[in-house]
Amino acid sequence: MLVACELGIFYLRRRKTALRPGLLYHAAALFLALWAGLELTPWATAETLIWQAVCGAALVLVALVLYSLFDVFVLRRPWDPQRGPMAPALVRDVGRILVAAAALLLALTWVHEGSLGTVLVSSTVLSAVLGLALQDVLKNVFAGMALQMEQSLRVGDWLSIDGQPAVVVELGWRATRLRTNEGVELVEPNSEVSSRRLTVYGSGRRPVGFGFRVGLPYATPPAEARAALLAAARSAEGAVESPPPQAMVRSYDDSAITYELRVFTREVAAIARFRDAVYSRVWYELQRAGIDVPFPVRTVELHDVARERGIEGERERSRRRALLGGLDLFADLPAETLDNLVAAAREQHFDHGERLVREGDTGDSLYVLEQGRVVVSTSGDGEATIAAGGGGGASGTLQLAVLGSGDFFGEMSLLTGAPRSATVRADGGCRVLVLTKSDLAPVLQADPDLAELLCRAVERRQAATAAARAERRERRPERTAQRDDAVSLLGRVREFFRLPGR
Ligand code: CMP
């Protein structure tokens, strides 16, 4: 029997299987051979203790060998090594123990001459005693099994434990072994690992986003702040291009607007270094963009506030005067009238994509673009609004113009009271000066040439819009031709502003 078993295993090994017969196999073969020998011996009956012991041992050992074969040929999935074993090592080990326990139970019933009841009672009592004594160990073993079955943690994964990054080195029976960046090993009981909330960053194959909070001055428009933060994030070492970084306003705080900058990286093993790279780049980028970091630095300075405000106000006024005076529209205005306009103008900021003017809305303000760009577009039926009602064109948005610093818009509604002829959207952050009808009325009344200048701008734009529509093969409503007539437009403006006729 022994020779047969050894020949069998020799044959299997020759076929290069993953089977590695150890002591267990040889012991099982030996006990099987002994059993066969006892069966042939007349004095060894089923009642003798030696017969029962050999049978029991052979039974347990054979069960373990069979389980090992099942493990090697089935559970480890040898036909598809890419996918790995069907169950984690811990679960397979528990299976082995259960098989051994079942075989032992069966063997003991033989020793107790077939009385399974006695064996069950004594084994139940034993299990209860062991269960109580090993309560903690068992809790950890089951938690470890759950962790491995779920595969929520894998060896090589980085996670944050008590705010400290660490890598999973081993998922054991009782505990999970972790190693921090400082090389310190943490042995965390499995029950703790499975019950606490862990932040798992993964192994770095998939990019992970980290948040960075930066406080920036209230005086910096969010569009500028976001642009600077994104530039810093893109240039930081370790940041990936996709997914791209994101910058968002998070909250208005005591001395700063707090922004949340989210940057993605695969450097999960060196989170501290990545944080350093991003925060350092943020400092340099802000410095180059002329944006201060208002906290945590607290600077106490004594100022002559009234004087400084006066200087700042004068600086602001001369900037606006230069902008408005530089427009063809207002170039010939007397200094005093220009000053009145400058004093009346209100400065407004708009974010990327925001609508400054919406087609079809009523409006009575003229916008002068100080900084940034805007896109002028009209919908399919926009021509109807130019023509002050009626008619309809094709649907779909038609881009009419891109205006930049020093351009103005909104003059059409302001001059005639007609609904807005187009939609104007900020393309990036922008700053404008806004003048209302009541600000402009005295200026128009004092200088009727200005009305003509504005009307010419309106005509040019209406012609450009018509050309854009024609290019799109749109049918123009007949009434537009009448409306485009300069004389009638000027007449309407005069009437609207109660200007003297000429
Ligand atoms: P208003 O009609 O008041 O509101 C929309 C504004 O878009 C309009 O005034 C013009 O200032 C501007 N606008 C309309 N059509 C054009 C165009 N073809 N080119 C440039 N700007 C335009």
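These numbers come from a predicted model, not from an experiment. Counting convention: from 1, in listed order, for ligands and their atoms alike.
- Side-chain contact check for T378 and R469: at least one donor-acceptor pair (N or O, by modelled atom type) lies under 3.5 Å.
- Under the 30°/60° scheme for interplanar angles, the aromatic rings of F274 and F212 are found to stand perpendicular.
- For atom 7 (O) of ligand 1, the candidate residues are V375, L454, V376, V374; the nearest heavy-atom contact is made by V376.
- Interface of A464 with ligand 1, defined as ligand atoms under 4.0 Å from a residue heavy atom, comprises 18 (N).
- The residue among S377, G410, G417 with a heavy atom at the shortest distance from atom 6 (C) of ligand 1 is G410.
- Of all atoms in ligand 1, numbered sequentially from 1 with element shown, those under 4.0 Å from a heavy atom of A401 are 19 (N), 20 (C).
- Heavy atoms from both the backbone and the side chain of E411 come within less than 4.0 Å of ligand 1.
- Atom CD of Q287 sits about 9.5 Å away from atom CG of D292, to the nearest 0.5 Å.
- Set against the non-hydrogen atoms of F409, the atoms of ligand 1 under 4.0 Å away are 11 (O).
- Here the CH2-OG1 distance, from W158 to T199, works out to 14.5 Å after rounding to the nearest 0.5 Å.
- Only the side chain of V357 comes within 4.0 Å of ligand 1, judged by heavy-atom distances.
- The pair E459-R456 does not meet the salt-bridge criterion, since no charged nitrogen lies less than 4.0 angstrom from a carboxylate oxygen.
- Close approach to T465 involves these atoms of ligand 1, each under 4.0 Å from a residue heavy atom: 15 (N), 16 (C), 17 (C), 18 (N).
- Judged by distance alone, the side chains of N190 and T176 do bring a donor and an acceptor atom under 3.5 Å apart.
- Side-chain atoms of T436 and D364 include no donor-acceptor pair closer than 3.5 Å.
- The proximity of S413 to ligand 1, defined as any non-hydrogen pair under 4.0 Å, involves the side chain as well as the backbone.
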